[in-house]
Amino acid sequence: MTIRDVPLRPVGREEFPRFNKHVCPPTFGGGPLDPVTPTRRIASNLLVNIDLDVPGLGKVPMWILEDPEDQQGGRVFPSKTIRTVEGDIVHARVGAKSNTHTIHWHGIEPSPMNDGVGKHSFEISGNFTYQFATNQAGTFIYHCHKNTALHFEMGLYGAFIVDLKKPDTAEAAGTPDPPYPPGGPGFVRGFNPPTHVIHYDVEALWVPDDIDTRWHELGHNASMQKCDPDDPTAARNFTGDGILNDFRQDVFVLTGEAKRPDDDTPFQKAAVHARVGQTILVRFIDAAYSVQEIRVGLPLTLVSVDGFTLGVGPTGQYNRPIEFAAGQPIRITAAMRGDAIIRPTRPGRFPVTIDFLHWISGKKLYTATTFIDITE
Ligand SMILES: [Cu+2]
């Protein structure tokens, strides 16, 4: 067989793509763009100021996203978990209550104008309705993508869970319809032929985070360049006295519960309580800037990484779920997610440790401990 050489057609100047250097994101409101009828509507406002209580240290100012339609629990840290269902077309009404922000739906992969990466599209001034489809079940994260290193650090993030449709089986009859309730029960995508559906009784959410309290004194646009569209890369547009290149964590957080570096008491909020014979689903999301190693005192199966199901097509047919022995570390870095299945066979209190490691030196900075309590 020979490969035919196709001669290139001369291309006129008018067909060249236009080059626009895009340094200062424009602001925009309104939306949705190219709307279609949604199957689910959600709402989120940013930002809301809260204080994070650190025992023995005091209060650390945080910024969170709130659900304005939630009468009970719309103001929490991490920001309220969003849940949609596989196949949903979502309209997400987002209000920037002060200054400009975005929401990036990390891993959902919407179209560029709905992706919420400000420098690729625009920042929201006022209100904007993002439109996207959640076609892949899994664990994702949403966060503000303006002055990102700072706004993410300040707490402008939350879990985004895409639930499976409820299977049409007798076993499923006792489970509520999706979106499934926080804490379980529900169904998750995992290698389990032929349907690749796994039922879980108890759902846990582990979100490690670390805080440099010096950063929490900074203003909204700290160290951002001044926007001069006529000369966007001029040196004078950049501040040279910032600290956003220098992260020194002095508070450690697990799922919104904070501790000083010398406080080794167990974290209670992330603790898991289940019975022998039940199936536990642990969703973990790395919201820290250090590297973590998670060690669980029970064997587990990692069924999904970054919203991709291991061993299941269309993207996962060339890998397989990963078995971890008790105590074998799972190493994660910023914004990584995973879904792990644990099936306890005997009662007891099983330790969970999360080591926070410096991202350059690898030095261990802190060990967070929590536990899994299994009763008969
Ligand atoms: Cu923001």
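Order of appearance sets the numbers: ligands from 1, and atoms from 1 within every ligand.
- When the side chains of ILVMFWY residues are joined at heavy-atom separations under 4.5 Å, either directly or via intervening members, Phe324 and Trp206 end up in a single hydrophobic cluster.
- Of the N and O atoms on the side chains of Thr301 and Glu323, at least one donor lies less than 3.5 Å from an acceptor on the other residue.
- The heavy-atom pair separating Pro167 from Val197 by the smallest distance is CG-CG1, 4.0 Å.
- No side-chain donor from either of Thr134 and Gln136 sits under 3.5 Å from a side-chain acceptor of the other.
- Among all heavy-atom pairs drawn from Gln292 and Asp286, the shortest one is OE1-OD1, 2.7 Å.
- Around the Cu ion (ligand 1), the protein contributes the following N, O or S atoms at distances under 2.8 Å: His101 ND1, Cys144 SG, His151 ND1.
- Between the side chains of Asp212 and Gln249, not a single donor N or O lies within less than 3.5 Å of an accepting N or O.
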